[in-house]
**Q** 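Have a look at the structure that comes next, please.
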Amino acid sequence: MINITLPDGSRKKIENGSTPMDIAKSISEGLARNVLCASVNGEIWDSNRPINFDAKIILHTWKDKEGKMVFWHSTSHIMAEALEELYPGIKFGIGPAIENGFYYDIDFGKYTISTEDLTEIEKKMKEIASKKVTFERINITKKDAISFFKRKKDEYKLELIEELEDGEITFYRQNKFTDLCKGPHITSTGKIKAIKLLNIAGAYWRGDENRKQLTRIYGISFQKQKDLTEHLEMLEEAKKRDHRKIGKEMELFTFSKKVGQGLPLWLPKGTLLREKLENFLKKAQTKAGYLPVVTPHIGNKDLYICSGHYEKYGVDSFQPIKTPNDDEEFFLKPMNCPHHCEIYKSKQYSYRDLPVRFAEFGTVYRYEQSGELHGLTRVRGFTQDDAHIFVRPDQLKEEFISVINLVLYVFNSLEFKDFKAQISLRDPNEKNKYIGSDENWDKAENAIIEAAEEIGLEFIKEYGEAAFYGPKLDFMVRDAIGREWQLGTIQVDYNLPERFELEYTGSDNQKHRPIMIHRAPFGSMERFVAVLIEHCGGKFPLWLTPDQIIILPISEKYHDYAKKVSKYLKNYDICGPIDTRAETTNRKIRDAEVSKIPYIIIVGEREEKEKTISVREHGGNELGIMSIKNLKDIITEEINKIIT
RNA sequence: GCCGAUGUAGCUCAGAGGUAGAGCACUUCCUUGGUAAGGAAGAGGUCACGGGUUCAAUUCCCGUCAUCGGCUCCA
C-alpha cells in the first residue's frame, strides 16, 4: 500500500501500482470521466500510469491548464499520425501544446501543403480520434530509440534524442504512430471530439534562423463541439475588433507606402482620441509632481556613446545623419532617457529637490524588422508616454509605489479591470549579461518586489527577463475578449546615472548618485490606442470618443436649428457632426448606429418649436425629448465620473 | 531579415491570354422624411511597380515594393 495526499489535504491509502484514474474512480465516477492527467509530486503524469510510491496527487481536468495542455498535446500526436498516413515519409520536429491549442513542426520533404489541405487532415484526425485507442507509454533505451528514428530517417528526432540521457527516454504510441515524447497523454483518443486546424506557417528548426525552416500547422481541439464553436466565435470576434480594420473604418489612422513602412499617420479623429488620452495622463502627472520637458527627435552620436546604447545596439540600429560641413553625426532617437539625463545635468540638485520627474510624450524611432510590423502595435516610429524620475536611494521604494499607483489609476479609468504584473529579474546564471554592480541589482530587485508587495499588487516573477540595465515591472492587461497585452512598464536604472555622472548634493555636503526610474503607463500611444480599440471594439468610452454626438435633422428645414444645437454643445466641448445628407431619418439613424457614436440627436419641427432635442443612445435606447442643457448635463456628468 | 499567401474603383470583393465588373461609399437630380438601408442618373481603375514571354499581358514567368499569417528579433 502507498499513501497519497490530495490537494484538500485528505489522505488515502491505496494499492501500490494504482493509477490516478483509480484514485479518481474512488472519489466519483464523474471525476473519473473528466480527469485528463495528474500531477504526482509536482510531476505531470498520465492518468493511467501506475504510482508506486507515497505521493501528493492533483487530478487535472479540462478546467486546469495542465488538463488542457495534455489534451492538446495528445491532439498534436493525432495530427502527426494523420499526416504520416496522408504524406508517407515526412519528418517530424516538435509538436507541443501552446496557450491556445497545439502545433507540430514538420519537414514535408517533397510534398507541398496549403490551407486547402487542412480540411482533409482534420477529417483524417477525426477518423483516428473516433477509434478510441489508448496512448501507450513505452520506456525505451537510447540505442533502440536511435535505431527507430534512423529507420524512419528522421534527423530531427535523432537530434533531440542525442541530447537525452539514456534511461529517461520514452515513446508514446497510438495506433501505428509512435513518437518520441515525454508525455503525458490522455487515456483515449476518443475524448477528442472537436478538432480545428487553424493555419500553416513557417518555423525554423529549434528557432534558429540559420537552420532549416519547417512547416508548422496550428490547431485546437475540444471535448465538446460546442466549445469549439465558442472558440471559433471568439476568434471571429477578435477579427471584428482588429484595430487595423476599425482604425480604417473609423478614420483613426492610416499608413502610406510613400511615407514608409511602419510609420503611422494619425488622422484627425485618431489624433483627437490620442490627445484626449495624453491630456488625461498629463493632468494626472501634474498632480503627481511631474515636470514637462520637450526634447528633439535626434541626438548627437556622443550622447549614445555616453549612454552605452551605441555600443550595445551598434551600427546596425543607428544610421547616422551627417551634417554637411563639420562632419558631426546625429541619430534618430530610439529612446528619450539620454536626453532627459542631460536635462537633469543642466542644473545642480540638492537632496531636498529629489525626486525630480521629467515627463515627455517623446516620439522615438526604432528599426523593426519588416516582417515584424503589425498595425499600430509594432511600428518604426512611436510616441512613448515617457518619464524619468531621479530619486535618492532612500526614496526608491516609495516612488516606485506611487508610480504603480499612477499606472493603476490609468488602467482603472480606462476600464481595464483585469490585469497582472510581471517583475522581470536577472537570469541568475548569466549575471555577466547585465551592466551594473551585483549589489545595485539586488537593491533594485528588492525595492520593486517590496513596493509591489506593499500595495498588495499581485505579480509573477520572471527570471532572465530584465533589461540589460535594470529590473522592471511590466503590466499585462486582459481585454474584453480575454486576450493579454503588455502595456505599461516601470524600470529601475542604476546604469545611466552612472554613465552620465548624475549627481545631487546630500545633507552631508557630499556628491551622491541618484537612481533613475523609467516609466510609461501606456507604453506607447500607438500600441495603447490599438489595444484600447480592440478592448472596446471601437465603442470608446464617452470621454475619449472623437465624436460624442451626431445631429440628425429630419429634413433640410431644420439644418439651422441643428447648427444652433451643435454650437451650444460645442461650448461644453461636446462635439460631433450634423448629418445634412438628403437621406431619410431611418437611413441617418442606421449610419449613426454603425459609426458607434454614443448619442444620436434628432431634431425636427417639434424640437425646433419647443427648443428641445430628441435623444437616442447608441444601441437603440431612446432617452426621448429633453432640453439641450439636459443632454449637456448628462454627458458632462458621465465624463466627470471618470476624469476627476 | 526568413518561409508562405495576397495585391483589381475610396472600401469589401468577383473576373479572365484579346486592354475590366458588383455591392457599398461619392456627385447630381427627384423625394422633405420621426428612431437601423427611399428612388434615378452619373463619375471613378496604366488591374501595386519594373522587366520578360507572346501578334496581344491586368491575366503566364522573373524581380521589386507593400499587406497578411507565422518564425526570428525587440533599448
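Chain naming here is simple, since letters A, B, ... match the order of the sequence lines and numbering starts at 1 in each.
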**Q** Got a salt bridge between R241(A) and D479(A), using NZ or NE/NH1/NH2 to carboxylate O under 4.0 Å?
**A** no
**Q** Can you sort out the partners of K564(A) under side chain to side chain contact (heavy atoms under 4.5 Å, CB included), two or more places apart, ordered by chain and number?
**A** none
**Q** Taking atom C1' in both rC11(B) and rG44(B), compute the distance separating them and give it to the nearest angstrom.
**A** 13 Å
**Q** Roughly how far apart, to the nearest Å, are rA40(B) and rG34(B) at atom C1'?
**A** 25 Å
**Q** Could you tell me the separation between the NZ atom of K420(A) and the CG atom of D474(A), rounded to the nearest 0.5 Å?
**A** 12.0 Å
**Q** Sticking with atom C1', work out how far rG45(B) lies from rU19(B), rounded to a whole angstrom.
**A** 12 Å
**Q** Among rC2(B), rG69(B), rG33(B), find the nucleotide with the atom closest to the side chain of H374(A).
**A** rG69(B)
**Q** Who are the ring-ring contact (aromatic ring centres under 6.0 Å, His included) partners of Y561(A), not counting sequence neighbours?
**A** none
**Q** Return whichever of E605(A) or R380(A) has its heavy-atom-nearest nucleotide of RNA chain B closer to the 5' end.
**A** R380(A)
**Q** With salt bridge (Lys or Arg N to Asp or Glu O under 4.0 Å) as the rule and sequence neighbours excluded, what pairs involving residues 331-341 of chain A come up?
**A** K333(A)-E360(A)
**Q** Find the distance L267(A):CG to rC11(B):P and express it as a whole number of Å.
**A** 13 Å
**Q** Side-chain contact, heavy-atom cut-off 4.5 Å: K472(A) with E465(A)?
**A** no
**Q** Look for any protein N or O under 3.5 Å of an N or O in nucleotides 43-47 of chain B and output each such pair with its distance, or none.
**A**
none

**Q** Quick one: list whatever passes ring-ring contact (aromatic ring centres under 6.0 Å, His included) with Y344(A), sequence neighbours left out.
**A** Y349(A), F390(A)
**Q** Which part of the nucleic acid does F255(A) contact within heavy-atom distance under 4.0 Å: base, sugar-phosphate only, or nothing?
**A** nothing
**Q** When rounded to the nearest Å, what value does the distance between P atoms of rU59(B) and rG18(B) take?
**A** 11 Å
**Q** Nearest to the T585(A) side chain among rG70(B), rG69(B), rG34(B), which nucleotide is it?
**A** rG34(B)
**Q** For E610(A) and R606(A): C-alpha separation, side-chain torsions, deciding distance, then whether salt bridge (charged side-chain N to carboxylate O under 4.0 Å, His left out) applies.
**A** CA-CA 6 Å; E610(A) 294 170 357; R606(A) 188 159 26 129; 5.5 Å; no
**Q** Just compare rG1(B), rA36(B), rG70(B) and give me whichever is closest to any side-chain atom of R616(A).
**A** rA36(B)
**Q** Please give, in whole Å, the distance from rU35(B) C1' to R606(A) CZ?
**A** 11 Å
**Q** For nucleotides 73-75 of chain B, which of its nitrogen or oxygen atoms have a protein nitrogen or oxygen under 3.5 Å away, and what is each distance?
**A**
unit_1, atom_1, unit_2, atom_2, d
rC74(B), O2, R378(A), NH1, 3.3
rC74(B), O2, R378(A), NH2, 2.6
rA75(B), O4', Y313(A), OH, 3.0
rA75(B), N6, S317(A), OG, 3.4

**Q** If I pick the P atom on rA43(B) and the same atom on rA20(B), what distance separates them, to the nearest angstrom?
**A** 16 Å
**Q** Between rG21(B) and rG15(B), how far apart are the two C1' atoms, rounded to whole Å?
**A** 7 Å
**Q** Rounding to an integer number of angstrom, what distance separates rG1(B) and rU54(B) when you compare their C1' atoms?
**A** 37 Å
**Q** For Q213(A) and rG70(B), give me the distance from atom CD to atom C1', rounded to whole Å.
**A** 9 Å
**Q** In terms of the angle between their ring planes, are F331(A) and Y304(A) parallel, tilted or perpendicular, with boundaries placed at 30° and 60°?
**A** perpendicular
**Q** Given atom CD1 of I220(A) and atom P of rG69(B), what is their separation to the nearest angstrom?
**A** 18 Å
**Q** Using a 4.0 Å cut-off on heavy atoms, which residues in residues 552-560 of chain A reach RNA chain B? List them by number, or say none.
**A** I554(A), S555(A), E556(A), K557(A)
**Q** Looking at the side chain of A201(A), which of rA36(B), rG70(B), rU31(B) is the nearest nucleotide?
**A** rG70(B)
**Q** When you get a sec, tell me which of rG34(B), rG69(B), rG38(B) is the closest nucleotide to the side chain of T584(A)?
**A** rG38(B)
**Q** Describe the nucleic acid contact of A582(A) in one word from base, sugar-phosphate, nothing, applying a heavy-atom distance below 4.0 Å.
**A** base
**Q** Just need the stems in RNA chain B: three or more back-to-back Watson-Crick or G-U pairs, each with both distances under 3.5 angstrom, sorted by first number.
**A** B:1-7 with B:65-71, B:10-13 with B:21-24, B:26-30 with B:38-42, B:48-52 with B:60-64
**Q** Residues of residues 233-249 of chain A with any non-hydrogen atom less than 4.0 angstrom from an atom of RNA chain B: list those, numerically ordered, please.
**A** R244(A), K248(A)
**Q** Y218(A): which residues meet the side-chain hydrogen bond (donor to acceptor under 3.5 Å, both in side chains) condition with it, sequence neighbours left out?
**A** R216(A)
**Q** For nucleotides rG33(B) and rG39(B), find the distance between their C1' atoms and express it as a whole number of Å.
**A** 13 Å
**Q** Rounded to whole angstrom units, what separation is found between the CZ atom of R206(A) and the P atom of rC3(B)?
**A** 22 Å
**Q** Round to the nearest Å and state the distance from I217(A) atom CD1 to rG69(B) atom C1'.
**A** 14 Å
**Q** Scan residues 294-308 of chain A for pairs that pass salt bridge (Lys or Arg N to Asp or Glu O under 4.0 Å), counting only residues two or more places apart or in two chains.
**A** K301(A)-E329(A)
**Q** Would you mind telling me which residue lines up with the more 5' stretch of RNA chain B, G371(A) or Y218(A), judged by nearest nucleotide?
**A** G371(A)
**Q** Under the criterion ring pair (Phe, Tyr, Trp, His ring centres under 6.0 Å), which of W205(A), Y103(A), Y104(A), Y87(A) is the partner of F92(A)?
**A** Y104(A)
**Q** How would you list, by chain and number, every residue that makes a side-chain hydrogen bond (donor to acceptor under 3.5 Å, both in side chains) with E534(A), sequence neighbours excluded?
**A** H243(A), R483(A)
**Q** Examine the base of rG1(B) for any acceptor or donor lying under 3.5 Å from a partner atom in the side chain of Y204(A), and report the outcome as yes or no.
**A** yes
**Q** Taking the ring of Y469(A) and the ring of H518(A), is the distance between their centroids below 6.0 Å?
**A** yes
**Q** Strictly by modelled atom types, are N336(A) and H388(A) linked by a side-chain donor-acceptor pair under 3.5 Å?
**A** no
**Q** Name the closest nucleotide to the S370(A) side chain, picking from rA36(B), rC71(B), rG1(B).
**A** rG1(B)
**Q** Tell me which nucleotide among rG33(B), rG34(B), rA36(B) gets nearest to the side chain of S614(A).
**A** rG34(B)
**Q** Nearest to the side chain of R581(A) - rG34(B), rC26(B), rC65(B)?
**A** rC26(B)
**Q** Closest to the E607(A) side chain: rG34(B), rC71(B), rA36(B)?
**A** rG34(B)
**Q** Output the rounded distance in Å from CG (L373(A)) to P (rC68(B)).
**A** 8 Å
**Q** In whole angstrom, what separates E608(A)'s CD from rG34(B)'s P?
**A** 17 Å
